[in-house]
*Asks:* 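Following this message is one structure expressed as structure tokens.
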Number of protein chains: 2
Amino acid sequence: MSAKDSQYLKKVGLKATLPRLKILQVLESSGFARHMTAEDVYKALLEQGDDVGLATVYRVLTQFEQAGVLTRHHFEGGQSVFEMDEGSHHDHILCTRCGRVDEFIDPVIEERQQAIADKFGYMMQDHSLYIYGICKHCRKKDKPAK
Amino acid sequence: MSAKDSQYLKKVGLKATLPRLKILQVLESSGFARHMTAEDVYKALLEQGDDVGLATVYRVLTQFEQAGVLTRHHFEGGQSVFEMDEGSHHDHILCTRCGRVDEFIDPVIEERQQAIADKFGYMMQDHSLYIYGICKHCRKKDKPAK
DNA sequence: TTGATTGCAAAGAATTTGCACTGGG
DNA sequence: CCCAGTGCAAATTCTTTGCAATCAA
């Protein structure tokens, strides 16, 4: 199920161990949710019958982050949230009711950020933009309730 | 030193106790730094000879946040960082070397954010934008070093 | 083989909570 | 006076670490 993944791990300089392959697989197949905490990954593994320690999940996620395999986000609420890094930078808009997450990229904003960094004399390394709101789905539910 | 602060606390619905007054004062006079962790506030109080429990600092900061007196940020690194809410929204650009924080507001970005929320069907409530980089000061130090 | 990796349990850091005591209104 | 507010220590939550056992190359 993962000759490809095995190659991939070696390519980024990580030995292709079973836990790492499993974790990679969970992240790849996380589908629409795409944003998982260490705990989420751990539970997903348990549910599919794979017995990996929580400490290992944390270690591997950190290694993946350093290897550029995934990105760590600091959403509100404390825990770190991880997401596969598919190469293309993007920002997030999230629903404070249901937790839904959408991704976007806006060239104008990107450009302005660079301009601001320049203006303040910073060499920009990174940035994070989160928009918080209530998605249409949750707003729809509201109306009748009230 | 704080008849004004005392009024202020009452106005936002909080009893004007000594710890709350002291904490408010520390935040108000934090001057250029302006961004403090609970621990920072706690240490500042100890240094000026005021004996307030760390738990109380956390409790009061949370109350202040709920009362709209200050804003809680989640910068990288885990801890919450607090800042007096002077009414005007702004974003942050921070140095990953020295921790320097600058504030800015960009009308174009604000406007684009609203447009994006609209496009995705969100009712925007809030947003946070952090730009990370290396400030000119730190870059200057680099050159000779290398 | 053999050093890298894992699992578990213990350690840590940040923050919260239970509870008897204290102070503001 | 009386309850909200406080201090302290214990409890929680998330994450990291030490170390012996295990696994990939």
Side-chain angles (χ1 to χ4, degrees), chain A residues 1-3 5-26 35-46 49-67 69-82, chain B residues 1-3 5-26 35-46 49-67 69-82:
Chain A
M1 74 169 82
S2 52
D5 290 348
S6 185
Q7 302 299 317
Y8 179 58
L9 287 180
K10 283 178 197 155
K11 193 163 55 188
V12 298
L14 292 170
K15 201 187 277 187
T17 66
L18 215 47
R20 296 216 260 242
L21 286 169
K22 299 284 188 186
I23 292 171
L24 181 56
Q25 178 207 311
V26 164
H35 299 80
M36 308 181 77
T37 64
E39 195 76 31
D40 290 338
V41 173
Y42 176 65
K43 280 193 229 144
L45 288 168
L46 290 193
D50 291 313
D51 197 352
V52 176
L54 179 56
T56 300
V57 172
Y58 274 104
R59 271 187 293 234
V60 170
L61 289 177
T62 301
Q63 291 159 353
F64 281 4
E65 184 194 7
Q66 287 166 353
V69 173
L70 49 78
T71 305
R72 182 192 299 252
H73 295 288
H74 299 273
F75 293 160
E76 304 198 342
Q79 304 104 300
S80 292
V81 177
F82 299 88
Chain B
M1 74 172 79
S2 52
D5 291 347
S6 186
Q7 302 299 316
Y8 179 57
L9 286 180
K10 284 178 196 155
K11 193 163 55 185
V12 299
L14 293 170
K15 199 188 277 187
T17 66
L18 215 48
R20 297 217 260 242
L21 287 169
K22 299 286 189 188
I23 292 170
L24 182 58
Q25 178 208 311
V26 164
H35 298 80
M36 309 182 76
T37 64
E39 195 75 32
D40 290 338
V41 173
Y42 177 65
K43 280 192 229 142
L45 288 169
L46 289 194
D50 292 311
D51 197 351
V52 176
L54 179 55
T56 299
V57 172
Y58 274 104
R59 270 187 293 235
V60 170
L61 289 177
T62 301
Q63 292 158 352
F64 281 5
E65 182 195 8
Q66 287 165 352
V69 174
L70 49 77
T71 304
R72 181 193 298 253
H73 295 289
H74 299 274
F75 293 161
E76 302 199 342
Q79 304 103 300
S80 292
V81 177
F82 299 87

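Chain letters run A, B, ... following the sequence lines, proteins first and then strands; every chain starts at 1.
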*Asks:* Mind checking the CG-OG1 spacing from L18(A) to T56(A)? Nearest 0.5 Å is all I need.
*Replies:* 11.5 Å
*Asks:* Give the rounded distance in Å between these two atoms: CG of L9(B) and P of dG23(C).
*Replies:*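 Interatomic distance, CG of L9(B) to P of dG23(C): 18 Å.
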*Asks:* Send over the distance from L61(B) CG to dG5(D) P, rounded to a whole Å.
*Replies:* 15 Å
*Asks:* Strictly under 4.0 angstrom, non-hydrogen atoms only: write out the protein contact profile of nucleotides 10-21 of chain C, one letter per nucleotide from the 5' end, B, S or -.
*Replies:* ----SBBBB---
*Asks:* Going from CZ on R59(B) to CG on L54(B), what distance comes out if it is rounded to the nearest 0.5 angstrom?
*Replies:*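 So the gap between those two atoms works out to 10.0 Å.
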*Asks:* To the nearest 0.5 angstrom, please state how far the NZ atom of K15(B) sits from the CD atom of Q63(B).
*Replies:* 11.5 Å
*Asks:* If you find the nucleotide of DNA chain C closest to V52(A) and the one closest to L18(B), which residue's nucleotide is nearer the 5' end?
*Replies:*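 Final value for this comparison: V52(A).
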*Asks:* Do F64(A) and L9(A) make a side-chain contact, defined as non-hydrogen atoms from C-beta onward lying under 4.5 Å apart?
*Replies:* yes
*Asks:* What stems, by residue range, does DNA chain C take part in, given at least 3 consecutive Watson-Crick or G-U pairs under 3.5 Å?
*Replies:* C:1-25 with D:1-25
*Asks:* Find the distance K22(B):NZ to dG23(C):P and express it as a whole number of Å.
*Replies:*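 Rounding to the nearest Å, NZ of K22(B) and P of dG23(C) are 14 Å apart.
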*Asks:* Rounding to a whole Å, what distance do you find between K15(B):NZ and dC3(D):P?
*Replies:*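 Rounded to whole Å, this separation is 11 Å.
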*Asks:* Are V41(A) and F82(A) packed together at the side-chain level, in the sense that at least one heavy-atom pair is separated by less than 4.5 angstrom?
*Replies:* no
*Asks:* Indicate yes or no: at least one non-hydrogen side-chain atom of S80(A) is less than 4.5 angstrom from one of H73(A).
*Replies:*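 They are not in contact (no side-chain heavy atoms under 4.5 Å apart), so the answer is no.
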*Asks:* Are side-chain heavy atoms of I23(A) and Y42(A) found at a separation under 4.5 Å?
*Replies:*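 Of all side-chain heavy-atom pairs linking Y42(A) with I23(A), none is under 4.5 Å.
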*Asks:* Do the non-hydrogen side-chain atoms of R72(B) and T62(B) ever get within less than 4.5 Å of each other?
*Replies:* yes
*Asks:* Round to the nearest Å and state the distance from D51(A) atom CG to dT22(D) atom C1'.
*Replies:* 14 Å
*Asks:* Could you check how far OH of Y42(A) sits from P of dC14(D), rounded to whole Å?
*Replies:*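 So the two atoms are 14 Å apart, to the nearest Å.
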*Asks:* How many angstroms lie between atom CG of D40(A) and atom NE2 of H35(A), to the nearest 0.5 angstrom?
*Replies:*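 Between D40(A) CG and H35(A) NE2, I get 12.0 Å after rounding to 0.5 Å.
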*Asks:* From CZ of R20(A) over to P of dA4(C), roughly how many Å is that when rounded to an integer?
*Replies:*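 Spelled out: CZ on R20(A) to P on dA4(C) is 11 Å.
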*Asks:* Under 4.0 Å between a side-chain N or O of T17(A) and OP1 or OP2 of dT6(C)?
*Replies:*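 T17(A) to dT6(C) OP1/OP2: side-chain N or O found under 4.0 Å.
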*Asks:* Just the rounded figure in Å: distance from P of dG25(C) to CD of Q7(B).
*Replies:* 10 Å
